[in-house]
Amino acid sequence: MPELPEIETIKKGLAKKIIGKEIVDIKIETTKSFQGDKENILGAKIEEIGRRAKLISMKLSNGFNLLFHLKLTGQLIYVENGERMAGGHPSHDWHAKLPNTNTRLIFTFKNGSKLFFNDLRKFGWCKVLTDIELREIFEGYGVEPFTSDFTVDYLLRKAKKIPNRNIKQFLTDQEIIAGIGNIYVDESLFLAGVLPTRKLRDLSMAEWQKINVSVLKVLKLGLKYGGTSDRDYVNALGVKGGMQNYLKVYHRVGQPCLGGCGGVVKRMTIGGRGTHYCPTCQK
DNA sequence: CTATCTGTTCTGAC
DNA sequence: TGTCAGAACAGATA
């Protein structure tokens, strides 16, 4: 379930560790997890790490790029000297041996450190791409929430074309807004006080403003706590995030609403996905 | 044991 | 063109 805050947390963690390192080997344990020619990355150094939507990109010194999509259960974990190093000190609160049965790819750097790509369900992937191919993929995504382009005006302009769609499917549409998934959309709509089933055409200006602000607040909170570890997500050192302790509705079906209304969190299905909400706090 | 659920994205049908 | 079911896959839960 890694969404924007989780991917951004992994990106920041990896940046501290692997910028400038040279890839000397890649072991492909699961062929479908790696798409491209491995010869195009061997001997190259990692120059930059970026994030667009839920994707992590690595710019290489030879003109190629690595692009990762973790989908539902992907992990990127860096190991040096058999230890997960956090701020210069070994971190011992990880929970998986490496490699393990879910390890799909193992990158080895010149100093012997390794980057493990784990993915239980094998939906995720790593691709080797040229700059042009990478740019074309990135151009297919909508606005990044943490840019000045993410405004009420932008939302209204997009909503005008599909007035009949509900707000939940609108916010999770990657071609409209990049990086929001099932957890953060439910949390954002709870904070905004808007039911996920509401049609775009029926939303008031005040509600659009509330939605715009709430999405940013919730994503920022996710970043602050290093992401949500519902089950598979871990950061670049294999350590879980803390945002799951601050979720108001997600996976809280039947539990008391934390909005102070005295009600109970409900669950429904929208677009095939579990949707959590408070029928009292959200209108 | 079987059936169902999970949640991201792509594909194909209507 | 929009919408929606189904698929990719593995494991937890009922």
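So that the names make sense, note that chain A is the first sequence line, chain B the second, and so on, each numbered from 1.
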TODO: Check the angle between the aromatic planes of F107(A) and F68(A) and answer parallel, tilted or perpendicular using the 30° and 60° thresholds.
DONE: perpendicular
Open item on the list: If you assign R104(A) and Q169(A) each to the DNA chain C nucleotide with the nearest heavy atom, which residue ends up on the more 5' nucleotide?
Closed with: Q169(A)
Task: Side-chain H-bond candidate by donor/acceptor type, D119(A) with T73(A), under 3.5 Å - done: yes
TODO: With P as the reference atom in both, quote the distance from dG7(B) to dT3(C) in angstrom, rounded to an integer.
DONE: 23 Å
- [ ] For residues I41(A) and V128(A), determine if any side-chain heavy atom of one lies less than 4.5 Å from a side-chain heavy atom of the other.
- [x] yes
Open item on the list: For Y246(A), give me all partners under ring pair (Phe, Tyr, Trp, His ring centres under 6.0 Å), at least two apart in sequence or on another chain.
Closed with: Y225(A)
Open item on the list: Quick one: does any side-chain atom of Y154(A) pair with a main-chain N or O of I176(A) as donor and acceptor, under 3.5 Å?
Closed with: yes
Open item on the list: Looking at E133(A) and K127(A), is there a salt bridge between them, counting it only when a charged N and a carboxylate O are closer than 4.0 Å?
Closed with: no
Open item on the list: What range of DNA chain C does chain A touch, first nucleotide to last, counting atoms under 4.0 Å from its heavy atoms?
Closed with: dT3(C) to dA12(C)
Open item on the list: Show me, range against range, the stems involving DNA chain B, built from at least 3 consecutive Watson-Crick or G-U pairs below 3.5 Å.
Closed with: B:2-6 with C:10-14, B:8-14 with C:2-8
Task: Sugar-phosphate or base contact per nucleotide [nucleotides 8-14 of chain B; S, B, -; heavy atom under 4.0 Å] - done: BB-----
Task: Over 12 non-hydrogen atoms of neighbours within 6.0 angstrom of NZ in K21(A) - done: yes
TODO: Any pair with a residue in residues 120-139 of chain A that passes ring pair (Phe, Tyr, Trp, His ring centres under 6.0 Å), sequence neighbours left out, goes on the list, sorted by first then second residue, please.
DONE: H69(A)-W125(A)
TODO: List in chain and number order the residues that pass ring pair (Phe, Tyr, Trp, His ring centres under 6.0 Å) with Y277(A), two or more places apart in sequence or in another chain; answer none if no residue qualifies.
DONE: none
- [ ] Please check if Y233(A) and L14(A) belong to a single hydrophobic cluster, counting links between Ile, Leu, Val, Met, Phe, Trp and Tyr side chain heavy atoms closer than 4.5 Å.
- [x] yes
TODO: Using the P atom as the reference point in each nucleotide, state the distance between dC9(C) and dG12(B) in Å, no decimals.
DONE: 16 Å
TODO: Check whether any side-chain N or O of Y250(A) sits under 4.0 Å from OP1 or OP2 of dG7(B), and answer yes or no.
DONE: yes
